[in-house]
Amino acid sequence: MTKKESDLLAIIEKANLAEFTIQDLQRLTGGSYLSIYRMIKGYDSRGKNYTGLLESARQFHSRTGP
C-alpha cells in the first residue's frame, strides 16, 4: 500500500464513512477524480497492472476469511 492510499484510508476512517463516492473523497481530500479513481480501482501503465484498494481489500478478505 502506498502512502497516498494509506492517507486516503485514514481520511475515510476519520470521516466515519461506511459508504462514499469518489466525489465525496474529492471534497474531503482536494484530490482529482482520476487520482482517487486510480487509488481505488487501480490502473494499467506500460503493460504493468497496479492494483487499487478494492483489489487489495479482496485479497486481504480472502486470506482472512469472511
Pairs under 3.5 angstrom only: tabulate donor-acceptor contacts from the side chains of residues 7-14 to other protein residues two or more places apart or in another chain.
{"unit_1": "D7", "atom_1": "OD1", "unit_2": "K3", "atom_2": "NZ", "d": "3.0"}
{"unit_1": "D7", "atom_1": "OD2", "unit_2": "K3", "atom_2": "NZ", "d": "3.2"}

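A donor-acceptor distance shorter than 3.5 angstrom exists from the side chain of T29 to the backbone of L25, with no hydrogens or angles considered. A donor-acceptor contact shorter than 3.5 Å is absent between the side chain of E55 and the backbone of G52.
Nearest heavy atom pair, residue Q23 against residue Y33, reads NE2-CE1, 3.7 Å. Across M1 and E5, no two heavy atoms sit closer than the pair CA-OE1, 3.4 Å.
A distance of 9.0 Å separates OG in S32 from CZ in R38, rounded to the nearest 0.5 Å. The CE atom of M39 lies 7.0 Å from the OG1 atom of T2; values are rounded to the nearest 0.5 Å. Within the model, atoms CD1 of I22 and CD1 of I36 stand 7.5 Å from one another, a figure rounded to the nearest 0.5 Å.
Shown here are the ring-ring contact (aromatic ring centres under 6.0 Å, His included) partners of F20, two or more places apart in sequence or in another chain: there are none. Y50 meets the ring-ring contact (aromatic ring centres under 6.0 Å, His included) test with Y43; sequence neighbours excluded.
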